Number of protein chains: 2
Amino acid sequence: MSKSSTNLTIKDIAKLSGVSKSTVSRVINHDPMVKESTRNKVMAIVEQYQFTPSKSARAMRGYGNKVIGIIVTRLDSISENHAVQSMLPIFYANGYDPIIIESQFSAAKVAEHLMMLREKQADGIIVFAFTGLDSSLLTVWQHKCVVIARPFSAYSCICYDDIGAVNKALTYLYQSEKHKKIGFIGVDKQDQTTGGLRYQAYIDFCTAYKIQPNAVLGNLSYYSGYELAESVLVHSPTAIVCATDSIALGLNKFLSEKNINNIIVISIGSSELLNFLFSQTITVDLGFDKAGIYAANELLLMLEKQVNAKIITVPSQLLK
Amino acid sequence: MSKSSTNLTIKDIAKLSGVSKSTVSRVINHDPMVKESTRNKVMAIVEQYQFTPSKSARAMRGYGNKVIGIIVTRLDSISENHAVQSMLPIFYANGYDPIIIESQFSAAKVAEHLMMLREKQADGIIVFAFTGLDSSLLTVWQHKCVVIARPFSAYSCICYDDIGAVNKALTYLYQSEKHKKIGFIGVDKQDQTTGGLRYQAYIDFCTAYKIQPNAVLGNLSYYSGYELAESVLVHSPTAIVCATDSIALGLNKFLSEKNINNIIVISIGSSELLNFLFSQTITVDLGFDKAGIYAANELLLMLEKQVNAKIITVPSQLLK
DNA sequence: TTGTACGCGTTATCAC
DNA sequence: GTGATAACGCGTACAA
């Protein structure tokens, strides 16, 4: 009926409901100082015409755009994907428009994207950290920013339980299953968390329980797991812990090809694909989806009221 | 040195360079009617202070936001990820900020997102189509929209070579390798392209070459490939064509578990993971990355000048 | 309680 | 060539 061709403005709504622009503005922004009757009157028109205030205009008034920037390292990272997918509904439910961008592990790109987000008057950001990303880039955003996967001091961070996850895996193998020869395939220590932390946890466990370490480090790809398999197997372990599910995929392929099926594989990180393809693999869930939920809620909290930075560690869970 | 705390406006630049706002605006927008000397003078200041005009303000002036909306079905779709990753650099290079959103195969969500994009004054959109998405939703965007994976009439579309890909697979098996008993695992025909088109191509080839069809249809998951394997194998084919790489993963898992290794598997869709895990599988590359490039360039073309809708089919390629 | 007038940062239309 | 000025849609002191 009503021509909904071109978008209505606050002025039109004012005319239509017989009040002034300011009153309409007050109604929209839930100013308590408006008479019940006029509020209803205006709201009726607003509903009827499906009016929504121009975001650009509000942004210009310094209002914030109801925009959250989400900077992932790579769009095709399975773990980050899960985290993002679980935070999106939360942002939508609170009226925020999440905009996803890719850093490709480049600090320079992060800087670029942050500039863009500032221009767009984004209200807050979520950053998936990586080796080489410096917290100094984020200073401007300090109080409207949640960092994932690295514990930057003075920032709100969501971290994975790298150490606990490895310990859970090793405890299960050593205590419950009485394995004595446990190998480890990890990633280079230059990667502080997935690399350094998980490797160190393995080493620490070994020294604590007087196990002969048998570790080898590569990169994050499944090729790495495949290629490094042999150098761990040469010490004839009865179980092998993989620092990531990709590595576990590679290792499993190797074992499957060589028809080796008396070795237990435990993966830090539990992906649907790994569980499907190699269902005998034991996995430790790092809780990517929970991380997303934590991150989103924490950010919304920060935007609502001043809240001091905290570091949340997502609990891990052994799945057997 | 210079305090870069709060953002400068066009007014500040004007004051700083001793001209008026209008002249600064002209310089920024490459108006040829400005004296060389003043342009240089202004540009110097612009560079020095790293000034960039407020996007919100431009948007309000109806200028367009230099924003491209990209509506994917799911963030973790490997194929769409590839396409998106290949279009992002193109948009960045042309000064556009791509914003990625998830439809989750829901037409209602698409409608919501489109509303949001309109409010934000997005300049154009790219939509990954799916079963249940109606082109009527897109009418407002008709001339600034590229659709991927479905041939909507009167829209610019990038389509995959479903029929050609299946034909290439079958031709290879039948002509070059002399297979006579070729099975097919596909997806339900309700999915018009991946489901209907690829199945029909198989059937057509069979009737053309008088092959006894041996097809079964399920869904897009790798579980489906695994579960349907048996009902195809029961007719003892020597080769099986899988409509997607996920299905091929599932089928390969089944074959591997049963120690069946005399059956050729061909997958429509070539993923890195499939090639890694089951390297003996022959794959037909549908060209997801090329699709992204085509889509981005086509959209940029549409935004620049009037150009009539065309349908581009991405060539497929057999990889053996 | 509501309306008026102004400013946000930009571009477009005039004059000069 | 360049500068003043109006306009975009909105929020908000200030006045009524």
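Computed from a predicted structure; not experimentally measured. The sequence lines fix the lettering, A, B, ..., with proteins before strands; numbering per chain opens at 1.
Distance, B:I10 CD1 to C:dT10 P: 5 Å, rounded to whole Å. Taking atom CD of residue A:Q121 and atom P of nucleotide D:dG11, one finds them 14 Å apart after rounding to whole Å. Atom P of nucleotide C:dA12 and atom CG of B:D31 are separated by 9 Å, given to the nearest angstrom. One can place NZ of A:K35 at 5 Å from P of C:dT2, the figure rounded to the nearest angstrom. B:N29 places its CG atom 17 Å from the P atom of C:dG9, with the value rounded to the nearest Å. Summarising the geometry, the separation between NZ on A:K11 and C1' on C:dT4 is reported as 14 Å, rounded to the nearest angstrom. Taking atom NZ of A:K21 as the reference point, atom C1' of C:dC8 lies 13 Å away to the nearest angstrom. When rounded to the nearest whole Å, the span between CZ of B:F51 and C1' of C:dT10 equals 9 Å.
Looking at heavy-atom distances under 4.0 Å, B:T38 makes contact with sugar-phosphate atoms alone, never a base. B:S22 comes within contact range of at least one nucleobase, with a heavy-atom separation under 4.0 Å.
Side-chain nitrogen and oxygen atoms of B:S25 include at least one within less than 4.0 Å of the OP1 or OP2 phosphate oxygen of C:dT11. In this structure, B:S20 reaches the D:dG3 phosphate: one of its side-chain N or O atoms is under 4.0 Å from OP1 or OP2. Considering only side-chain N and O atoms, A:R58 lies under 4.0 angstrom from the phosphate OP1 or OP2 of D:dG11. Taking 4.0 angstrom as the limit, B:T23 places a side-chain polar atom (N or O) nearer than this to OP1 or OP2 of D:dG3.
A salt bridge links A:R150 and A:D191; the closest N-O separation between the charged side-chain nitrogens and carboxylate oxygens is under 4.0 Å. Taking the charged nitrogens against the carboxylate oxygens, B:D285 and B:K290 have no contact shorter than 4.0 Å, which rules out a salt bridge.
When the nearest nucleotides of DNA chain D are assigned to B:R39 and B:R61 by heavy-atom distance, the more 5′-ward of the two goes with B:R39. In this structure, A:P53 and B:G18 both approach DNA chain D, and ranking their closest nucleotides by distance from the 5' end singles out B:G18.
Counted within 6.0 Å of CD on A:Q142, heavy atoms from surrounding residues, nucleotides or ligands total more than 12; the atom is thus considered enclosed. When the shell of 6.0 Å around CD1 of B:I78 is examined, it contains 12 or fewer heavy atoms from other residues, nucleotides or ligands. The 12-atom threshold is not exceeded at CE of B:M43, counting heavy atoms of other residues, nucleotides or ligands nearer than 6.0 Å.
Note on the helix from C:dT1-D:dA16 to C:dC16-D:dG1: angle between the axes of the first and last five pairs equals 40°, rounded to 10 degrees.
Below the 3.5 angstrom threshold, one finds a donor paired with an acceptor across the side chain of A:R26 and the base of C:dG3.
Ring centers of B:Y92 and A:H113: under 6.0 Å apart, within the cut-off.
No hydrogens or angles considered: a donor-acceptor pair under 3.5 Å links the side chains of B:R58 and B:N29.
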